[in-house]
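To find a chain, count down the sequence lines: A is the first, B the second, and so on, and within it residues start at 1.
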Protein chains: 2
Amino acid sequence: MAISPEGTKPRVRRSSGRITLADVARTAGVAPMTASRALNSPATVNPDMVERVRRAVIETGYVPNLLAGALASARSLLVAVVVPSIASTIYLEFVQALRGALASRGYQVILGESDYAHQSEPALLEALIARRPDAIVTVGAVRSEAGRKRLLASAIPVIETWDMTVEPVDMLVGFSQEDVGRAAADFFFDAGRRSLAIISASDDRAAMRAQGFLAAIRARNPGTEVPSVLIPAPSTLGAGRRAFVDLLTRHASIDAVFCTSDMVALGVLTEAKARGLRIPADVAVMGFGDLNFACDTDPPLTTIRADGKTIGREAARLILERSGATAPTERIVDVGFSVVKRASA
Amino acid sequence: MAISPEGTKPRVRRSSGRITLADVARTAGVAPMTASRALNSPATVNPDMVERVRRAVIETGYVPNLLAGALASARSLLVAVVVPSIASTIYLEFVQALRGALASRGYQVILGESDYAHQSEPALLEALIARRPDAIVTVGAVRSEAGRKRLLASAIPVIETWDMTVEPVDMLVGFSQEDVGRAAADFFFDAGRRSLAIISASDDRAAMRAQGFLAAIRARNPGTEVPSVLIPAPSTLGAGRRAFVDLLTRHASIDAVFCTSDMVALGVLTEAKARGLRIPADVAVMGFGDLNFACDTDPPLTTIRADGKTIGREAARLILERSGATAPTERIVDVGFSVVKRASA
DNA sequence: TTGAAAGCGCTAACAT
DNA sequence: ATGTTAGCGCTTTCAA
């Protein structure tokens, strides 16, 4: 057996060879803890110590290891965000606003994708929990019982968004999807339309909007058959065109169409124009999302705006407040929505 | 000073109270190391040991702490992805494909946003490096010298994408943006168009496409003034409409417009239709991106397709191969692009 | 094949 | 205000 020069047992060495806080501390001539404080809470350290450490950081090219910091402090400064699909444009501004608001406070975002599939939800959540994020934000309610249990067991703050469920796992920022559908139907009725139809995507929240739409119609005219077409996610312009063709073929008399997404509504507009239908004279069209093209289509698209930016910012606010953890924070924020009346309806 | 019952000095306790691998090991009646192996490399452990550990995991509700695992093993299973803007639809499929391919191998994605700003690039990269990702993927070349230096110093594999720079920091997956512009110009010339114009977004890569477009025109007709409009990122339908109006006002004779983004091209189509211009008879229109609406516009949009999915998958492949690290992996992958001829040009 | 020891790089807690 | 000590929860390394 090898014996080291001093006669002691050989030690295992497996340092990564990279610059660590200890190196910075040595260079600055202070204790590692002082270096740590100089970087993380400079106010608690003598200014010229801070300066010496700062210089040492530059000299050594030190970049902190947040993995180690997170492990030691039990704060990862990581927030997991779960979207149904990265490719769905409707949540982009939401993710952007959320990420931006968090980044300014040192948090970073890790991305999960639920693929509109509920069965893999628990596995996805577990993979995210394994990173020990300081919060988990999901688009839509957590549906699976297993998923809810895991979240609860993890004790990580959870924010469900874009929805108004009866029993959130923890916190909630959103609006009632059913009310959106109701508002669309009411709008059409108020505008004198009587033969309403709907083109709905098949995801959870679009289905809820559709449900509200149908409920509002039936509340006025019980037993009405509402012409409707269901299209698979993701919502595309082409799907909207084809769905509208389908609708017109089966129900020639419709005078208003609610689309659960602006992209689909743009498809309807496109198809209408291609076949010489006048919008809104012949058919009124309403979308959902108020995507950035909605105000510039021809005619401009009447739509229902749910402010993703606000949802993102509010979610970030709740996370930050909860991390402060002084008083109990509010648990439910209803950001509402608004009907944006333009020329198409 | 407080003395503990046994007369020893009191110890500091700050366990999080959560279930750890040690708890699982105790429950299974094995050593922590055996539990670790049973979970991470079950092939090296006796099958019934694996079974006992598996049961203990379920019984205890254990969720591994990847923060700790990453620190100990110097593998974070994290990949940082930097996009110019989360809201820009053009990179969505790329991010989705990249994330998907990585997720299947246990990697997770952390999101950075460069905001089309180069000055904050080094700071952004440093924040990402602090997470010790196993790779950093950027959309576009890393421009700042400080950023390149930091990346090099970090020794983290880097993959620049959507570009073909002369000197990549490390690896590169993309295509020549200038060639895209050249291809657009050549396509128009071949179709007999002679008065070309361009509407270009102001981001780096759009500017390169524009440059290639102009270069190809000048190669044929030296000294030509090419009508052009520059629009700020992000590219929207409305910006396209207004730019086209601008173009028509100043140059009535143009017979072809290249747009550096499909969304802008859709704006041109919209404006053309609104003012009774025939596409492509009066003006040919070409976009870039082949976004999912391009095949369903009226008329269908001729565009240049750069396959984001392929770029994402190739980037993932390079990361995985590099992590295997047997033979030196290829450093540059040119995925090319293709002109998708539809009715608009 | 299994286990014991050591330590990844950092910070909380305590001591001065 | 600064330093010392003892881990955070895991895996590498080495020994059996």
Between A/Ile19 and B/Ala35, name the one whose nearest nucleotide on DNA chain C is closer to the 5' end.
B/Ala35
Would you find more than 12 non-hydrogen atoms of other residues, nucleotides or ligands less than 6.0 Å from A/Arg105 atom CZ?
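Not buried by this count: 12 neighbours or fewer within 6.0 Å.
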Side chain of [X], heavy atoms from C-beta onward: which of [options] has the nearest atom to it?
{"X": "A/Asn65", "options": "D/dC10, C/dG9, C/dT11", "result": "C/dG9"}
{"X": "A/Tyr62", "options": "C/dC10, D/dT2, C/dG7", "result": "C/dC10"}
{"X": "A/Val30", "options": "D/dG3, D/dT12, C/dT11", "result": "D/dG3"}
{"X": "A/Asn46", "options": "C/dG3, C/dC10, D/dA1", "result": "D/dA1"}
{"X": "A/Leu21", "options": "D/dC10, C/dC10, D/dT2", "result": "C/dC10"}
{"X": "B/Ala72", "options": "C/dA12, D/dT12, D/dG9", "result": "D/dG9"}
{"X": "B/Ser73", "options": "C/dA12, C/dC10, D/dT12", "result": "D/dT12"}
{"X": "A/Leu71", "options": "D/dT2, D/dG9, C/dT11", "result": "D/dG9"}

Strictly below 4.0 Å, N to O, side chains only: are [X] and [Y] in salt-bridge contact?
{"X": "A/Asp170", "Y": "A/Arg322", "answer": "yes"}
{"X": "A/Arg55", "Y": "A/Glu59", "answer": "no"}
{"X": "A/Arg143", "Y": "A/Glu121", "answer": "no"}
{"X": "A/Arg317", "Y": "A/Glu330", "answer": "yes"}

Taking OP1 and OP2 of [N], is either one under 4.0 Å from a side-chain nitrogen or oxygen of [X]?
{"X": "B/Thr44", "N": "C/dT1", "answer": "no"}
{"X": "B/Ser36", "N": "D/dC10", "answer": "no"}
{"X": "B/Thr34", "N": "C/dG3", "answer": "yes"}

Base, sugar-phosphate alone, or nothing: which one does B/Arg37 contact when heavy atoms must sit under 4.0 Å apart?
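Touches a base.
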Which is true for B/Ala31 with a 4.0 Å heavy-atom rule: it touches a base, it touches only sugar-phosphate, or it touches nothing?
sugar-phosphate
Atom [atom1] of [X] and atom [atom2] of [N]: how far apart are they, to the nearest Å?
{"X": "B/Asn40", "N": "D/dT11", "atom1": "CG", "atom2": "C1'", "result": "9 Å"}
{"X": "B/Leu77", "N": "C/dC8", "atom1": "CG", "atom2": "C1'", "result": "16 Å"}
{"X": "B/Leu39", "N": "D/dG9", "atom1": "CG", "atom2": "C1'", "result": "13 Å"}
{"X": "B/Arg132", "N": "C/dG9", "atom1": "CZ", "atom2": "P", "result": "9 Å"}
{"X": "A/Asp23", "N": "C/dC8", "atom1": "CG", "atom2": "P", "result": "11 Å"}
{"X": "A/Met33", "N": "C/dA12", "atom1": "CE", "atom2": "P", "result": "6 Å"}
{"X": "B/Arg26", "N": "C/dG3", "atom1": "CZ", "atom2": "C1'", "result": "16 Å"}
{"X": "B/Arg131", "N": "C/dC10", "atom1": "CZ", "atom2": "P", "result": "13 Å"}

If each of B/Pro64 and A/Asp48 is mapped to the nucleotide of DNA chain D with the nearest heavy atom, which maps nearer the 5' terminus, i.e. the 5' end?
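Between the two, 5'-proximity favours A/Asp48.
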Donor + acceptor pair across side chains of B/Tyr107, B/Arg75 (<3.5 Å)
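Present: a donor and an acceptor within the cut-off.
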